[in-house]
Amino acid sequence: MIALVLENCVKTLPSNMGDLQSLMFLTLQNNKNLESLPETLADIESLELIALSGSNPNIVIPERLKSIMVEEADGFYHIER
């Protein structure tokens, strides 16, 4: 799977998201009730972009994941290793 688009449909994400090792683009836009991102997203070596625009502005991002997220535009994050 190269891209996963979950727009306006999730409140939580499973902790085993890190198992999606071929994931490159994760779109989580307009998820007003999304509470947090799983730390295991940091384990996906192929992940290049996380889109959070329009989602909960208070979303909890684990420090290990936050440390590799570089904001490119409002709510769009490039993953830099």
Determine whether [X] and [Y] fall in the same hydrophobic cluster, where Ile, Leu, Val, Met, Phe, Trp and Tyr are linked whenever their side-chain heavy atoms lie under 4.5 Å apart.
{"X": "Leu20", "Y": "Leu34", "result": "yes"}
{"X": "Leu37", "Y": "Leu49", "result": "no"}
{"X": "Ile68", "Y": "Ile50", "result": "yes"}

How would you list, by chain and number, every residue that makes a side chain to side chain contact (heavy atoms under 4.5 Å, CB included) with [X], sequence neighbours excluded?
{"X": "Ser46", "answer": "Met24, Ile44"}
{"X": "Glu80", "answer": "Val70, His78"}
{"X": "Glu71", "answer": "Asp74, Tyr77"}
{"X": "Ser67", "answer": "none"}

For residues 21-31, pull every pair meeting salt bridge (charged side-chain N to carboxylate O under 4.0 Å, His left out), keeping only residues two or more places apart or in separate chains. none
Is there any salt bridge (charged side-chain N to carboxylate O under 4.0 Å, His left out) pair reaching into residues 47-70, and which pairs are they, with sequence neighbours excluded? Glu39-Arg64, Asp43-Arg64
Asn56 to Asn58 - nearest heavy-atom pair and separation: OD1-N, 2.7 Å
Could you tell me if the side chain of [Y] sits less than 4.5 Å from the side chain of [X], heavy atoms only?
{"X": "Met69", "Y": "Ile79", "value": "yes"}
{"X": "Leu47", "Y": "Met17", "value": "no"}
{"X": "Asp19", "Y": "Thr40", "value": "no"}

Can you pull out every side chain to side chain donor-acceptor pair (under 3.5 Å) where at least one residue sits in residues 21-33? Sequence neighbours excluded, please. Gln29-Ser53
Per-pair distances, 0.1 Å, donor-acceptor, side chain in residues 4-16, under 3.5 Å, sequence neighbours excluded:
none

With rounding to the nearest 0.5 Å, note down the distance linking OG in Ser36 to CD1 in Ile59. 6.5 Å
